[in-house]
Number of protein chains: 2
Amino acid sequence: MDDSVDRHIARWRGKAPFDERVEAIVTRMQFLVKHLAQAKDGALAAVGLQDFEYETLHWLGARGEGGRATPSELAAELKVSPAGMTGRLDTLEKAGLVRRIRSVEDRRRVDVELTSEGRAIWLKAMDLRGEVEDTMVGVLGPDDQEILAALLKRMLLRMENPGRG
Amino acid sequence: MDDSVDRHIARWRGKAPFDERVEAIVTRMQFLVKHLAQAKDGALAAVGLQDFEYETLHWLGARGEGGRATPSELAAELKVSPAGMTGRLDTLEKAGLVRRIRSVEDRRRVDVELTSEGRAIWLKAMDLRGEVEDTMVGVLGPDDQEILAALLKRMLLRMENPGRG
DNA sequence: GCAAGGTATTTCGCCAGCGAATCTTTCGTC
DNA sequence: GACGAAAGATTCGCTGGCGAAATACCTTGC
């Protein structure tokens with residue numbers, strides 16, 4: 001059975017010089033990410049969160065109980081511009097899910113931490129998000145998941161270490 | 001060697017209940033797509049194109065010489081809202097890369113086609129984009145690429161056919 | 001033949017993100 | 001110890017995309 005990318009590529013064969021495998025891989029990843037975002041949007045709406053809010057809470061929650069992070073760290077981890085992160089934190093702080101604390105020893109810095117309410121909502125949202133992602137990744141058995149994760153990792157390493165081979 | 005996703009997941013183990021494999025796969029795909037978009041932005045700037053413009057020209061070009069498509073078709077294929085597609089086409093038409101033709105027999109409809117200039121620029125841009133994507137996907141040998149494409153396809157089929165399995 | 005409903009596109013108001021510029025604080029150097 | 005460079009966060013102006021409403025057109029049923 002064909003997916004939309006197969007149809008795209010077939011309709012297209014011979015009309016221009018390009019690598020079909022590469023095209024298929026890249027386009028499928030783009031579509032999967034887009035699908036995922038849309039599906040997650042729907043699921044997260046149930047707890048009143050938007051995707052970008054959840055994503056931010058998620059990486060903040062990863063710091064552990066009472067864990068903190070600076071806006072720049074979060075911006076780098078989430079691959080968002082510093083300005084974008086300021087905007088996200090504004091929204092989250094206004095909603096009471098996050099707290100900004102100006103550092104004492106270096107007053108340029110700001111630490112961000114989850115409020116207890118933020119942590120609670122994040123935990124609720126994790127379940128919902130998990131369902132969507134499990135639906136997608138769950139088509140694959142555990143072995144295939146391992147293989148997929150490894151292949152993706154090799155590509156990501158290349159992108160994160162431009163110097164390397 | 002670890003990538004940023006490994007580090008994220010490790011830092012995080014035991015702190016919340018979730019499937020590490022799924023998390024790793026999803027997060028890596030998101031990062032790869034983001035990396036790709038950023039790298040492509042840079043490359044395409046050389047021909048004065050933005051990513052969303054190239055993407056639209058690309059699917060239009062796939063229709064073949066003199067091929068046409070309606071805005072709604074393009075919107076569906078590119079997973080963009082109809083309103084968003086109008087905006088894209090406005091930009092492209094103003095730049096002279098695309099032409100809108102109101103259909104004669106059904107005057108609600110609009111057909112879109114590449115101008116010759118649009119086709120030329122698209123072809124030039126394909127090379128540049130190819131380089132970036134090849135760099136990423138090229139870490140994998142042909143066999144691994146086939147495996148990856150197949151795994152992605154299985155997931156995409158699931159997302160495009162919600163009823164199924 | 002005409003009203004009601006459906007379809008294709010566009011307009012409108014809004015939002016998150018980006019890059020550049022700004023402001024504050026700290027660090028290095030003389 | 002003062003002054004310029006650097007670092008961290010924020011503000012500002014702009015852009016692409018979204019959802020909802022509006023517009024224009026076709027089609028069906030009476």
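Every chain is numbered from 1 and lettered A, B, ... according to where its sequence line falls, protein lines coming before strand lines.
- In this structure, A:R102 reaches neither bases nor backbone, as no heavy-atom distance under 4.0 Å exists between it and the strands shown.
- Checked against D:dT10, C:dT10, D:dG8, the side chain of B:T86 finds its nearest nucleotide in C:dT10.
- The residues A:R21 and B:D144 are annotated as not salt-bridged, no charged nitrogen and carboxylate oxygen being separated by less than 4.0 angstrom.
- If A:E105 and A:R88 are placed on DNA chain C by their nearest nucleotide, the residue sitting closer to the 5' end is A:R88.
- Counting to the nearest Å, the C1' atom of D:dG17 and the CD atom of B:E53 are 14 Å from each other.
- Taking only side-chain nitrogens and oxygens, B:R108 never comes nearer than 4.0 Å to OP1 or OP2 of D:dT23.
- Between the P atom of D:dG19 and the CD atom of A:Q50 lies a distance of 12 Å, rounded to the nearest Å.
- Both A:V98 and A:L123 belong to a common hydrophobic cluster when Ile, Leu, Val, Met, Phe, Trp and Tyr are linked at side-chain heavy-atom distances under 4.5 angstrom.
- Closest to the side chain of A:R107, from the set C:dT25, D:dG19, C:dG19, is C:dT25.
- Picking from C:dG19, C:dA8, D:dC18 the nucleotide with the shortest atom distance to the side chain of B:S81 gives D:dC18.
- To the nearest angstrom, C1' of C:dC18 lies 18 Å from NZ of B:K40.
- Comparing A:V104 and A:A83 by the nucleotide of DNA chain C that holds the closest heavy atom to each, the one mapping nearer the 5' end is A:A83.
- Counting only heavy atoms from C-beta on, B:D106 has its side chain closest to D:dC25 among C:dT10, D:dC25, D:dC18.
- Atom CG in B:L44 sits roughly 14 Å away from atom P in D:dG16 (whole-Å rounding).
- A salt bridge does not link B:E113 with B:R119: none of the charged nitrogens is closer than 4.0 Å to a carboxylate oxygen.
- Ion pair B:E55/B:K40 not flagged as a salt bridge, since none of the NZ, NE, NH1 or NH2 atoms sits closer than 4.0 Å to an Asp/Glu carboxylate oxygen.
- Distance CZ (B:F52) to P (C:dG17): 18 Å, rounded to an integer number of Å.
- Nearer the 5' end of DNA chain D, as judged by each residue's closest nucleotide, is the contact made by A:G87, out of A:Q38 and A:G87.
- Hydrophobic clustering, with ILVMFWY side chains joined whenever heavy atoms are under 4.5 angstrom apart, groups B:M85 together with B:L114.
- Residues A:T70 and A:K34 each lie close to DNA chain D; by heavy-atom proximity, the contact nearer the 5' end of the strand is made by A:T70.
- Taking atom CE of A:M85 as the reference point, atom C1' of D:dT11 lies 17 Å away to the nearest angstrom.
- The distance between atom CG of B:D51 and atom P of C:dG17, rounded to the nearest whole Å, is 17 Å.
- What separates CG of B:L78 from P of D:dG16 is a distance of 16 Å, to the nearest Å.
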